[in-house]
Amino acid sequence: MSFLISFEGIDGCGKSTQINLLKNELENRDISNCILREPGDTSISDKIREILLNNENNICSESETLLFLAARAQLVREKILPELEKGSLVICDRYYDSTLAYQGYGRNLDRDLINSLNQFAVNKMIPLITFILKLDPEIAYRRISKNEVDRMESGGLKFLQKVQKGYSFIAKSFPNRCYVINCKNKDKLTIHSEIMETVNKYI
Ligand code: TYD
């Protein structure tokens, strides 16, 4: 079984916790899997990640977009495609939709252009399932503010609210692959079982 699942949502929505729970479940069932995070997970993409998240860097929104896409293009060819060919279930902590949500909606850049560049970067490698974890931006922002914030997180609450709107638009635009998981007032195991309900339909 080999296909791609992506996890999306604003910073602080709890993606990483859910990805770990999913990984444990797949391992219990002996399902070969590979977890990747964006930006990163190839040597070039990790260098790009460092540039993008470093608070000391002053990066214009256009460069920012192109850097995220460069990291993604490399990840697709160096990791995602080979892992799928090996038969792994590939799970991406952020992918394709993050650029439309963060740069298209968060930074107000041309969304049609971002869509075209994204297609170029991923070369038709679109996820079969995309989980969009939905949490109030106010709650998510409180969570991330407890630790030191990186360059992307320093956009503040208003930025997260714009990104959240972007995710709502994405969910409506791609209903066949997008599953919105409402995380408000739910514990992590309840959220995990909602995610498993969908994953079980495909495996
Ligand atoms: P990360 O620490 O991985 O955040 P998270 O754990 O919330 O995913 O940092 C990635 C940051 O980069 C995050 O703020 C989202 C942002 N991002 C974009 O703005 N555009 C993109 O295309 C991607 C992949 C991430």
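Count residues from 1 along the sequence. Note that ligands are numbered from 1 as they come in the structure, with each ligand's atoms numbered from 1 the same way.
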* Considering the heavy atoms of Gln103, write down every atom of ligand 1 situated less than 4.0 Å from one of them. => 18 (C), 19 (O), 20 (N), 21 (C), 22 (O)
* To do: Around atom 15 (C) of ligand 1, find the nearest protein heavy atom and jot down its residue, atom name and distance.
  => Arg94 NE, 3.4 Å
* Ion pair Lys47/Glu50, N-O distance below 4.0 Å -> no
* Counting only N and O atoms by type, is there a donor-acceptor contact under 3.5 Å from the side chain of Arg94 to the main-chain atoms of Glu38? -> no
* **Donor-acceptor side-chain pairing of Ser98 and Arg72 below 3.5 angstrom** => no
* To do: Considering heavy atoms of the protein only, find what lies nearest to atom 10 (C) of ligand 1 and give residue, atom and distance to 0.1 Å.
  => Pro39 CD, 4.0 Å
* To do: Do me a favour and list the nearest non-hydrogen protein atom to atom 21 (C) of ligand 1 with residue, atom name and distance?
  => Phe68 CD2, 3.3 Å
* Structure fact -> Value for CD (Gln164) from SG (Cys13), rounded to nearest 0.5 Å, stands at 8.5 Å
* Go through ligand 1 atom by atom and flag the ones less than 4.0 Å from a non-hydrogen atom of Thr99. => 21 (C), 22 (O)
* Asked: Is NZ or CZ of Arg111 both nearer than 6.0 Å to the six-membered ring centre of Tyr105 and within 45° of the ring axis?
  -> yes
* Asked: Are Glu197 and Lys201 within salt-bridge range, i.e. N to O under 4.0 Å?
  -> no
* Distance filter under 4.0 Å to Leu53 heavy atoms, resulting ligand 1 atoms -> 9 (O), 11 (C)
* Structure fact -> Of Arg151, Met152, Arg107, Lys15, the residue with the heavy atom nearest atom 6 (O) of ligand 1 is Lys15
* Side-chain donor-acceptor pair present, Gln103, Glu62, cut-off under 3.5 Å -> no
* To do: Look at atom 14 (O) of ligand 1 and say which protein heavy atom is nearest, naming residue and atom and giving the distance to 0.1 Å.
  => Asp11 OD2, 2.7 Å
* Should one rank Glu8, Arg49, Arg72 by closest heavy-atom distance to atom 24 (C) of ligand 1, which comes out on top? -> Arg72
* **Main-chain N/O of Leu36 paired with Asp93 side-chain donor or acceptor, under 3.5 Å** => no
* **Side chain, backbone, both or neither: Asp150 near ligand 1, heavy atoms under 4.0 Å** => side chain
* Asked: At a 4.0 Å threshold, what atoms of ligand 1 neighbour a non-hydrogen atom of Ser98?
  -> 20 (N), 21 (C), 22 (O), 23 (C), 24 (C)
